[in-house]
Amino acid sequence: MLTNDSHRPVPEGAVLQEEQQVHEPSSGRGRRHGTSRSEPFDRWFRYPAGFASDYASLLLSELQLPTAGLVVDPFTGSGVTGTAARRAGHSFFGVEAHPLIAELADLKLRRSPKDPSGLLVTARELAKQATTKTRVDISGEADLTLRSFDPETLALLVSLRDLIRAEQEQDWYLYLKWSLLSTLRDVASVRVGWPYQRPGSQRQPTFADPVSRFLQRVAWMADDIRDLERYKPASLTCRVKQGDSGEADNWSDIGSGSAHGCVTSPPYLNNFDYADATRLELYFWGDVTSWSQMCSEVRSDMLTATTQQSSVGAARNARISLQKYGAVADQISELADHLQKERGNRARGKEYDRVLPDYFVAIARILENLATVLVPGAPAVLLVGDSAPYGVYVDTPGIMAKLGAQLGFTLEKDVILRHRGKRWAGNATRHNVQLAERFVLLRRE
């Protein structure tokens with residue numbers, strides 16, 4: 001249930017709605033408050049820690065947008081907000097930093113080139129060719145790829161990949177590519193679940209036949225495309241821009257004062273590396289061949305939310321940039337100082353103190369861009385969890401709301417969506433701070 005929890009300390013400045021009774025959406029099949037394995041379009045690829053489609057729909061309903069209004073999302077991910085907005089009859093514009101995931105989101109939201117029967121025919125022909133190919137060289141594959149599949153399975157996957165690559169000029173190329181990429185974890189013979197790939201830990205593949213699973217995923221895509229054409233008005237425009245949403249240039253396609261609302265779920269301060277989580281797909285397709293290339297070409301534009309992205313220089317510059325935000329900057333600096341002290345008490349402490357300023361200065365830039373593209377009076381909903389690294393409580397949603405107040409927004413709601421972190425209750429070294437996932441509703445002044 002969505003609730004304002006009277007037993008939890010109320011963050012300073014929070015605006016709570018008394019006696020609000022809004023039912024939490026169903027958790028959905030195949031996910032725990034993340035991207036569904038079964039819902040149309042969600043099932044194309046289960047991006048790690050992805051936004052839940054029923055949550056996106058719930059939050060869209062909070063906005064009460066005008067018919068065919070434009071919804072924006074600065075953290076588009078795999079496009080869950082976009083597909084929910086389209087289903088509700090709204091146009092959509094999103095920005096996503098991860099190049100591979102931005103491609104997926106754009107694919108979901110574009111109008112398909114023609115009847116998807118052609119996709120099915122092409123996929124079946126490629127599958128036939130892959131299963132009849134007698135010699136497939138897998139020796140040049142990345143070590144992670146080699147360790148994740150048995151040789152026979154990998155040979156079929158590589159054969160399909162090479163055949164699909166030869167289709168790059170064809171209409172259905174990207175649909176075939178993503179049907180194959182989303183098959184990888186289904187047929188892996190090691191543990192490759194989110195968030196970590198563990199090629200040293202064997203498991204029974206969820207599906208034994210990669211070709212059949214590939215064709216099943218193609219069929220799902222075809223079904224979703226057909227259904228979409230039945231209800232999507234031709235007047236709706238849905239687009240995704242790949243890049244850093246903190247850069248104003250990435251919003252120039254829609255212009256100032258053109259968006260009617262925002263629904264987004266920023267990365268949480270939980271040390272989750274979204275780029276590394278997709279390493280299997282990146283390595284298999286050949287987008288990157290090394291850790292350093294992944295960092296420079298995939299992670300470079302992504303918001304700093306992990307200690308692996310942090311640096312002394314970036315944290316120092318971020319603290320300087322935050323000074324213009326007054327008291328909230330002081331709050332962030334005090335938290336960073338506290339985290340630095342806690343890190344010093346540990347032999348191998350993680351640099352959460354460096355992440356914090358860089359994270360919030362990026363959020364401030366994004367809020368500034370949102371204030372520019374939203375019409376006056378437009379609502380913006382941010383769904384994010386708070387955190388407590390080393391037991392130091394960071395009121396992430398509350399700090400975002402305070403930054404928004406400095407950038408032309410008014411806080412209307414701060415509502416608990418669900419409590420979180422309970423699955424770690426048995427860890428004796430973990431903090432005992434009560435954490436929650438919340439949404440804050442801001443209003444453009």
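The shown structure was predicted, so the numbers you read here are calculated from the model rather than taken from an experiment. Below, all heavy atoms of this structure are taken into account, side chains as well, without hydrogens, waters or symmetry copies.
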Can you measure from [atom1] ([X]) to [atom2] ([Y]) and round to the nearest 0.5 angstrom?
| X | Y | atom1 | atom2 | value |
| --- | --- | --- | --- | --- |
| F360 | L335 | CZ | CG | 7.5 Å |
| R161 | T145 | CZ | OG1 | 7.5 Å |
| E412 | L441 | CD | CG | 5.0 Å |
| L269 | T396 | CG | OG1 | 4.5 Å |
| L156 | L180 | CG | CG | 10.5 Å |
| L374 | N369 | CG | CG | 10.5 Å |

Atom of [X], atom of [Y] and distance for their closest heavy-atom approach:
| X | Y | result |
| --- | --- | --- |
| V72 | L370 | CG2-CD2, 3.9 Å |
| S182 | R217 | OG-CD, 2.9 Å |
| W251 | P74 | CZ2-CB, 3.7 Å |
| R147 | V190 | O-CG1, 3.2 Å |
| F409 | L367 | CE1-O, 3.5 Å |
| L109 | G82 | CD2-C, 3.5 Å |

Exercise for the section: Considering only NZ, NE, NH1 and NH2 on the basic side and carboxylate oxygens on the acidic side, decide whether R185 and E281 come within less than 4.0 Å. Expected result: yes
Problem - Basic-acidic side-chain contact under 4.0 Å: D244, R365 - result: no
Problem - Lys NZ or Arg CZ of R279 over W291 ring: under 6.0 Å, within 45° - result: no
Problem - Y55 six-ring face occupied by R418 cation (under 6.0 Å, within 45°) - result: no
For the backbone of [Y] and the side chain of [X], can you confirm whether one donor and one acceptor N or O come within less than 3.5 Å of each other?
| X | Y | answer |
| --- | --- | --- |
| T372 | S256 | no |
| D186 | T206 | no |
| E437 | G385 | no |
| R213 | T183 | no |
| S179 | Y175 | yes |
| R444 | P376 | no |
| T153 | F149 | no |
| S290 | Q293 | yes |
| Y390 | K350 | yes |
| K108 | F41 | yes |

Handout entry: Check against side chain to side chain contact (heavy atoms under 4.5 Å, CB included), R299 and D273
Key = CA-CA 9 Å; R299 202 167 65 182; D273 190 334; 2.5 Å; yes
Problem - Crowding at CD, Q168 (>12 non-hydrogen neighbours, <6.0 Å) - result: yes
Practice task
Report, as yes or no, whether the 6.0 Å neighbourhood of atom CD on E152 holds more than 12 heavy atoms from other residues, nucleotides or ligands.
Solution key: no
Handout entry: Criterion side chain to side chain donor-acceptor pair (under 3.5 Å) on N271 and T307, from CA distance to verdict
Key = CA-CA 6 Å; N271 217 28; T307 54; 3.3 Å; yes
Practice task
Determine the interplanar angle of the Y47 and H98 rings, folded into 0 to 90°, and report it as parallel if under 30°, tilted if 30 to 60°, perpendicular if over 60°.
Solution key: perpendicular
Exercise for the section: Verify the distance criterion only: is there a donor paired with an acceptor across the side chains of R354 and S310 at less than 3.5 Å? Expected result: no
Exercise for the section: Using distance alone, with no hydrogens and no angle criterion, decide if Q309 and T306 have a side-chain donor and acceptor under 3.5 Å apart. Expected result: yes
Would you call [X] and [Y] a side-chain contact if the rule is heavy atoms closer than 4.5 Å?
| X | Y | value |
| --- | --- | --- |
| L303 | F75 | yes |
| P266 | M400 | yes |
| K413 | E62 | yes |
| D395 | P397 | yes |
| E297 | D287 | no |
| S265 | D73 | no |
| L176 | L119 | yes |
| R86 | T83 | yes |

Exercise for the section: Please report the C-alpha distance between D209 and F214 in whole Å, then the side-chain angles of each, then the deciding distance to 0.1 Å, and finally whether the side chain to side chain contact (heavy atoms under 4.5 Å, CB included) criterion is met. Expected result: CA-CA 9 Å; D209 184 353; F214 164 73; over 6 Å; no
Exercise for the section: Please step through side chain to side chain contact (heavy atoms under 4.5 Å, CB included) for the pair S91 and H260, ending with a clear verdict. Expected result: CA-CA 10 Å; S91 292; H260 301 94; over 6 Å; no
Problem - Passing candidate, ring pair (Phe, Tyr, Trp, His ring centres under 6.0 Å) with W178, options F45, W220, W44 - result: F45
Practice task
Could you walk me through whether Y283 and E141 pass side chain to side chain contact (heavy atoms under 4.5 Å, CB included), step by step?
Solution key: CA-CA 8 Å; Y283 277 38; E141 298 301 310; over 6 Å; no
